[in-house]
Every structure is written in C-alpha cells, then in structure tokens.
Amino acid sequence: MPDQGDGTFINPILNGDYSDPDVVRVGDDFYLTASSFTNVPGLPVLHSKDLVNWTLIGHALAKNVPEAHHAVPRHGGGVWAPAIRHREGRFYIYYPDPDFGIFMVSATDPKGPWSAPVLVDDSKGAIDPAPFWDDDGQAWLVHAFAGSRAGFKNVVTLKKMSADGTRTLDAGRRIIDGDRLPKAATSQGPTPWFTTEGPKLYKRGGYYYVFVPSGSVKGGWQGVFRARHIEGPYEGRNVMDQGDTAINGPHQGAWVHTPAGEDWFVHFSDTDSYGRRVFLQPMHWGADGWPVIGARQGKEHYGEPVTRHRKPKVAAQPPATAPVASDEFDDGRHLGWQWMANPMADWVDGGVKGRLRLKAVSSPANLWEAGHLLTQKLPGMTFSVTTSIELKPGGQPGERAGLLVYGYDYAWIGLENTPAGQRLVQATRLDADLGVNKGKVQQSSETVLAAPLEVTGPVHVRLSFSPVEVAEPAPDVPHYWHSMLRSTHARVTFSYSLDGVAFRPFGSAFTTRPGRWVGTQVGLFAQAPGGTPSNTATRAGYAEFDYFRFGR
C-alpha cells in the first residue's frame with residue numbers, strides 16, 4: 001500500500017506490472033493506462049484522485065487486433081507503450097502493435113465503452129505513439145521505432161495528423177536521432193543516447209518539450225528535449241537517472257500538472273520477475289526552462305528517484321486503495337483478470353455464480369503456447385495466493401487444472417485426470433519459451449511430481465512468494481549503474497490442503513523468470529491435451545475454482 005496514512009507515500013505507487021505508464025488529468029481526476037502486450041482485455045484504465053491511490057476501472061481494448069492473428073499468444077507482440085489524452089470531452093488512447101501499426105481508441109467515459117481500434121499509421125515497426133494538438137488546432141503524432149521490425153531505432157519522428165486524430169498525413173520528419181547526439185551528462189559520466197524511445201510531446205512557456213527515456217530499460221535515464229518550433233531543432237539533456245538509489249532505469253512515463261500548480265512525473269522501474277512497477281516523482285521547473293525530476297543530485301541539472309515523499313496536494317484526500325487482487329467470484333470475476341490471447345466465448349461459463357468455471361480447453365502441453373490461461377499481475381513482493389480446485393473431467397485422461405506461476409519458466413500445482421483416477425500434481429517447465437541459445441532452439445519438457453493421496457473432491461492449493469536477488473554479469477558498456485549487476489526474482493513454494501486449514505508442503509521450490517517484456521504472472525487454467533483424441537472428443541471437462549485469495 002503506497003499511501004502511508006501520514007501525508008506521505010512510498011514508491012512504487014503501483015506494485016503491479018503496469019508497464020510504460022501514461023497519465024492524463026481531467027479536472028480533479030487522473031487516468032492511467034499502460035502496455036498490455038498479449039494479455040486480453042488490453043489497455044488497462046486506472047483512476048486516481050491524488051496520483052498515489054489507484055483503482056482499475058476497466059480496459060480500453062476488448063480484443064487485440066487483428067483478431068485472428070491474436071487468437072494465440074503473441075508473446076512480446078500486441079499492445080506496446082500507449083498514450084492517453086483528453087480533448088473536447090473525449091478520451092483518446094494511441095497504442096502501437098509493432099507488427100501492424102499505430103491504433104487509436106476513444107470514449108466519452110473512461111470506464112467505456114471504447115470505440116473499435118482505428119489504424120492511424122501503418123509504418124513498419126512504429127512504436128510508442130503520443131498525440132498532440134497545438135494551439136492552432138493542428139494535430140501531430142510523435143513516435144519511435146522498434147529495431148526488430150523497422151531495422152533501425154533510436155529515432156523519434158514527428159508527423160501531422162488529421163484534425164480528428166484518425167490518420168497521419170505525411171511521412172514525417174526525424175526530430176531526434178540519438179546516434180547523432182553528443183553524449184548526455186549523467187551520474188555515471190558522459191553517456192551516449194541509445195534506445196531513445198517512448199516520446200511524449202508537451203508545450204510550455206513557448207517551448208515544445210519531448211520527454212524521452214534513453215539508455216535501455218534497466219540501465220537508462222529520463223531525457224527531455226525542447227525547441228521553439230515543433231519541428232525543431234531540438235536540444236536535449238538528462239533530467240533524472242538512478243544516481244545512488246536502488247531504483248534502476250527510472251524513465252518512460254508522464255508529466256502531470258495538478259490543479260494545485262504542482263508538477264509530478266509518473267514512470268516505471270523494471271523489477272525483473274515483479275515487472276515494470278510504477279513510481280511517482282516530484283518535478284520542478286528551473287528558471288532556465290528545464291525540468292528536474294526527483295531529488296536534485298547536488299548542483300547537477302538532473303535528479304534521482306525518491307523512495308518516500310509527501311503526497312501531491314489535492315482538494316480532498318481519498319482513502320488508501322490499491323487495485324483489487326483477491327476474488328471470491330461472487331458475481332463473475334474482477335477486472336484484474338486477463339487471458340493470454342483473444343478468448344473464445346466458451347472458455348469460461350458465465351452462468352455459474354460463486355465459483356469460476358473454466359473449460360478444459362485443448363491446447364499444446366507446453367502452457368507457453370496456451371491462450372486460455374487466466375492470469376493477473378503480482379500484487380507485491382512477499383505474499384501467498386490460495387485457491388480451491390475441483391476437476392470435473394469430460395472422460396479424457398490428461399485433463400488437468402491448476403494454480404499457475406508463469407513466465408519463461410513456469411510451474412503449477414493442481415489436479416490431473418489419469419486412468420487410475422485424479423491425482424494431485426506439481427509440474428515445472430523450464431525454458432518454456434523455447435528460445436534460441438547459441439543458434440539452437442532450446443528444448444523443454446515438463447517435470448511432474450504426483451502426491452501419494454487419493455483425490456475425491458476439491459483440493460486447496462497455495463503458492464508462496466518471496467523475493468530473491470540473482471547476480472548478473474557486468475554489462476558490456478563503459479558506464480553502468482550498480483543495479484545492472486543483479487536481478488530480482490521470486491522463490492515460490494507449493495503446498496496443499498484437503499480441508500483448507502492445514503497445509504502441507506509439496507514439491508521443490510521454484511525460482512521465477514519474467515515473460516517477454518512482462519513480469520511473472522499468477523493465475524488459473526483448465527486444459528485437455530492437444531491432438532487426438534481430445535480434439536475429437538464429444539465431451540469437454542471443466543474445473544471450478546471457489547475463490548482466489550492473496551495473503552501474507
């Protein structure tokens with residue numbers, strides 16, 4: 001809980017993996033959206049009255065488009081860094097899918113309904129869009145490029161848009177080219193601008209400002225460029241880096257000006273398995289017209305992140321809140337749940353109340369390839385999550401259901417139907433993504449441990465998480481922050497109970513890894529084995545989950 005109840009807050013303000021956050025203020029209200037990649041529904045929309053306490057109020061994207069393409073998990077694809085704006089009574093979110101282009105959705109109510117996505121620009125590899133309407137009504141769009149798709153990166157392009165913001169009107173011009181810039185002054189010495197992306201365009205005091213992160217996700221900093229004319233030329237500087245703090249790569253986010261006249265910056269910091277968590281920093285404008293974010297480092301023109309600070313001044317302080325995580329399934333499921341791909345209508349039985357009923361969907365044995373996983377973000381660093389599972393097989397051996405911890409490596413505890421009856425199992429799969437290592441595709445197989453007990457009804461299962469630091473080799477660059485020498489993951493232990501009271505440990509501990517551009521996720525699934533005979537079976541089984549509770 002970031003709100004300390006004494007007028008201060010501690011970072012992060014969002015412990016969940018809300019990657020690449022952007023924020024807009026509308027009156028006394030603040031709205032945040034974030035990347036969602038392959039997870040569906042996408043583009044989460046959160047609301048706050050003070051920039052500290054946030055509530056998830058909906059999603060702006062019901063399904064990823066093109067729908068057929070995203071009917072299976074596209075790990076690392078889908079929705080990249082978005083931008084949210086408000087204009088003339090309407091909310092707009094611009095987001096990129098680097099394989100298809102830049103899209104826009106809009107709504108009059110941030111809770112929805114949101115419009116169907118409109119393709120605004122189909123430039124190959126375009127990412128991180130942000131719209132801007134100038135004082136004369138001219139609409140503009142800035143965006144960066146993904147080197148993996150475009151063949152180049154480290155460039156920010158400015159394009160004219162139609163007045164309604166539905167299409168770009170020209171090929172644009174490069175206003176920032178990181179490869180051509182002099183090195184930036186940072187607390188680690190002069191550092192080249194590389195992986196310059198995530199632009200946000202603003203106007204203040206006769207200057208146009210482009211806020212851009214640079215230096216990569218974990219090792220980077222927050223840069224700002226300014227120009228008298230929107231098309232440049234732009235000059236830039238570092239305005240916040242890690243300094244002597246433990247908050248790595250403090251960058252990519254939103255400048256927010258409050259009704260009280262204060263300035264704040266919302267950004268993320270990558271915490272490996274725990275995802276890209278969201279931080280809030282004070283921001284001050286100097287007499288020279290440049291901002292400094294965080295606590296100024298001595299007499300330098302850049303700051304460093306704060307861990308604790310007084311809260312923003314707002315008209316009325318809201319109660320301490322955080323996005324809902326636990327779920328009793330009394331009336332459906334809460335908004336925090338997401339699928340791994342565009343869902344089919346029968347994956348969940350919406351007519352069942354008080355429980356979550358998931359169909360045993362036929363899919364590959366490797367759950368990395370399964371879209372029917374129902375997951376949510378990790379809510380904190382040290383916690384447990386418990387659920388009750390009852391498996392109702394459709395008659396096919398191999399149907400299974402479980403409580404899952406998921407990333408490049410995954411593990412789960414749950415039930416499996418066998419010819420001899422149901423058994424309680426713990427399963428682990430390392431290198432589930434089948435990535436390429438030294439030119440060869442990694443091999444992956446599931447290790448399954450069965451408990452020596454007969455299962456005749458519901459079983460309560462639990463995952464317990466605690467953070468662990470893993471040493472990393474020094475990066476091959478001349479200057480780097482000390483945080484690059486470690487990663488934070490979670491040690492997960494497994495336990496079960498037949499009565500929901502007394503839990504017994506089961507299996508070996510598991511160390512998490514994140515997924516592609518996302519942190520580790522936790523969730524539920526029901527599965528039938530892919531291929532014959534399950535795909536031709538006339539009956540499909542299901543699993544019921546009575547609750548899903550987080551605790552200490």
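Within a 6.0 Å radius of NZ in K111, other residues, nucleotides and ligands contribute 12 heavy atoms or fewer.
At distances below 3.5 Å, not a single donor-acceptor pair connects side-chain atoms of T512 with backbone N or O atoms of S273. Under the 3.5 Å distance criterion, the side-chain polar atoms of R25 are matched with a main-chain donor or acceptor of G27. At distances below 3.5 Å, not a single donor-acceptor pair connects side-chain atoms of S269 with backbone N or O atoms of G249. A donor-acceptor pair under 3.5 Å is absent between the side-chain atoms of S363 and the main chain of A370, judged by distance alone. Checked by atom type and distance alone, the side chain of D128 never pairs as donor or acceptor with a backbone atom of F145 at under 3.5 Å. W412 contributes no side-chain N or O that, together with a main-chain N or O of A401, makes up a donor-acceptor pair within less than 3.5 Å. Between the side chain of T168 and the backbone N or O of K160 there is no donor-acceptor pair closer than 3.5 Å. Between the side chain of D20 and the backbone N or O of S35, no donor-acceptor pair lies under 3.5 Å. Checked by atom type and distance alone, the side chain of D122 never pairs as donor or acceptor with a backbone atom of G101 at under 3.5 Å. For the pair Y92 (side chain) and G165 (backbone), a donor-acceptor distance under 3.5 Å is absent.
Salt bridge D330/K353: absent, no basic N to carboxylate O contact under 4.0 Å. Between R549 and E328 there is a salt bridge, with a side-chain nitrogen of the basic residue lying less than 4.0 Å from a carboxylate oxygen of the acidic one. Taking the charged nitrogens against the carboxylate oxygens, D409 and R429 have no contact shorter than 4.0 Å, which rules out a salt bridge. Under a 4.0 Å N-O distance rule, the pair R90/E88 does not qualify as a salt bridge. With respect to the salt-bridge test (charged N to carboxylate O, under 4.0 angstrom), the residues R516 and D433 do not qualify. In this structure, D170 does not pair ionically with K159, as no charged nitrogen and carboxylate oxygen lie closer than 4.0 Å. Of the charged side-chain nitrogens involved, none lies within less than 4.0 Å of a carboxylate oxygen, so that R277 and D272 do not count as a salt-bridged pair. Between R74 and D97 there is no salt bridge, since no side-chain nitrogen of the basic residue lies less than 4.0 Å from a carboxylate oxygen of the acidic one. By the 4.0 Å N-to-carboxylate-O rule, D349 lies too far from K359 to be salt-bridged with it. Under the 4.0 Å criterion applied to side-chain N and carboxylate O atoms, D121 and R167 are not assigned as salt-bridge partners.
For R174 and F152, the positive end sits near the middle of the six-membered ring, less than 6.0 Å away and at most 45° from its axis. A cation-pi arrangement is found for K377 relative to Y18, the charged atom lying closer than 6.0 Å to the ring centre and inside a 45° cone about the ring normal.
Between H251 and F268, the distance separating the two ring centers is shorter than 6.0 angstrom. The six-membered or imidazole ring of F30 lies away from that of W54, with a centre-to-centre distance of 6.0 Å or more. Between F211 and Y202, a ring centre-to-centre spacing shorter than 6.0 Å is recorded. Between F545 and F329, a ring centre-to-centre spacing not shorter than 6.0 Å is recorded. In this structure, the ring of W368 has its center less than 6.0 angstrom from the ring center of Y408.
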**OP:** Carefully, step by step, assess W347 and F525 under the rule ring-ring contact (aromatic ring centres under 6.0 Å, His included).
**Re:** CA-CA 10 Å; W347 284 1; F525 76 96; over 10 Å; no
Subject >> Steps toward side-chain hydrogen bond (donor to acceptor under 3.5 Å, both in side chains) verdict (T196, N154) >> reply: CA-CA 5 Å; T196 303; N154 215 24; 2.8 Å; yes
Subject >> Intermediate values then yes/no, ring-ring contact (aromatic ring centres under 6.0 Å, His included), F225 and Y209 >> reply: CA-CA 6 Å; F225 287 78; Y209 291 88; over 10 Å; no
**OP:** For side-chain hydrogen bond (donor to acceptor under 3.5 Å, both in side chains), just list the numbers for D17 and Q521, CA-CA rounded to whole Å, side-chain angles, deciding distance to a tenth of an Å, and then say yes or no.
**Re:** CA-CA 9 Å; D17 181 23; Q521 299 180 29; 5.6 Å; no
**OP:** Report the C-alpha distance between H489 and Y274 in whole Å, list the side-chain angles of each, state the deciding distance to 0.1 Å, and finish with yes or no for ring-ring contact (aromatic ring centres under 6.0 Å, His included).
**Re:** CA-CA 7 Å; H489 301 291; Y274 288 90; 8.6 Å; no
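Annotation: side chain of W255 is not in contact with side chain of W264 (no heavy-atom distance under 4.5 Å).
Using bins of under 30°, 30° to 60° and over 60° for the plane-to-plane angle, the ring pair Y410/Y406 lands in the parallel bin.
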